[in-house]
Enquirer: 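One structure follows; several queries about it will come next.
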Amino acid sequence: MVKIVLASNSPRRKELLAGLDIPFEVRVLDNIDESYPETLPTKEIAGYISKKKADAYRQTMADDELIITADTIVVLGQEVMGKPKDDEEARRMLRELSGKTHQVITGVCLTTKDKQSNFSVETDVTFKTLSEEEIDYYVAHYRPLDKAGAYGIQEWIGHIGVTGLNGSYFNVMGLPVQRIYEALKAFQ
């Protein structure tokens, strides 16, 4: 029996993985390089970064551990939206997402000492046209600087702004748990 380790500081990922009713612990390494080659196709970025994170943990893991790493990006057209650096960038991102459909892509990597499985899950999200007041309210009250694309679908902005969803809701929150459950079953 392997010990499952979630390599993430995200409270949302911890909550989502806990929903599978499997025991796990959380372990976080600081300063993992999350850069990627400029030439990498957009749809491969999240998977690339999740594998890069896994490789950083591989050096410190025990023989009986399985590490889960993940990375989530928001893509509008060809623009990749990571976490905003400040409130103004968060507002800019939300203005760009307003009235449009974008993709949320989460790359996941399951890693043991001798095996690795990597996959990505994509979900289409459509926002209504957001007013400046709604954007300002959300940024001021919810401080979305720790979220790709400057929003959390489970927060106020998702309640009032998301008009369509095609794919996994939990993927948009940051962890496609249904797919992880299936991958864990197949992995062992």
Enquirer: Do Lys52 and Ser35 have side-chain atoms, one donor and one acceptor, less than 3.5 Å apart?
Expert: yes

Enquirer: Tell me whether Lys83 at atom NZ has more than 12 heavy atoms from other residues, nucleotides or ligands lying less than 6.0 Å away.
Expert: no

Enquirer: Donor-acceptor pair, Glu79 side chain versus Leu76 backbone, under 3.5 Å?
Expert: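 Between the backbone of Leu76 and the side chain of Glu79 there is no qualifying donor-acceptor contact (under 3.5 Å).
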
Enquirer: Would you find more than 12 non-hydrogen atoms of other residues, nucleotides or ligands less than 6.0 Å from Lys3 atom NZ?
Expert: no

Enquirer: Could you tell me the separation between the OH atom of Tyr151 and the CG atom of Leu94, rounded to the nearest 0.5 Å?
Expert: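 These two atoms lie 9.5 Å from each other.
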
Enquirer: Are the side chain of Asn118 and the backbone of Gly47 linked by a donor-acceptor contact shorter than 3.5 Å?
Expert: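 Checked: pair present.
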
Enquirer: Hey, could you give me each pair passing salt bridge (charged side-chain N to carboxylate O under 4.0 Å, His left out) that has a residue in residues 156-181? Not counting sequence neighbours.
Expert: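 Salt bridge (charged side-chain N to carboxylate O under 4.0 Å, His left out) check on residues 156-181 returns no pairs.
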
Enquirer: Hey, what do you get for OH (Tyr181) to CG (Leu20), rounding to the nearest 0.5 Å?
Expert: 8.0 Å

Enquirer: Using 4.0 Å as the upper bound for N to carboxylate O, is an ion pair formed by Arg91 and Glu88?
Expert: yes

Enquirer: Does atom CZ of Phe170 have more than 12 heavy-atom neighbours from other groups under 6.0 Å away?
Expert: no

Enquirer: Taking atom CD of Glu25 as the centre, report whether more than 12 heavy atoms of other residues, nucleotides or ligands fall under 6.0 Å from it.
Expert: yes

Enquirer: Distance check, rounded to the nearest 0.5 Å: Asp33 atom CG versus Lys53 atom NZ?
Expert: 11.0 Å

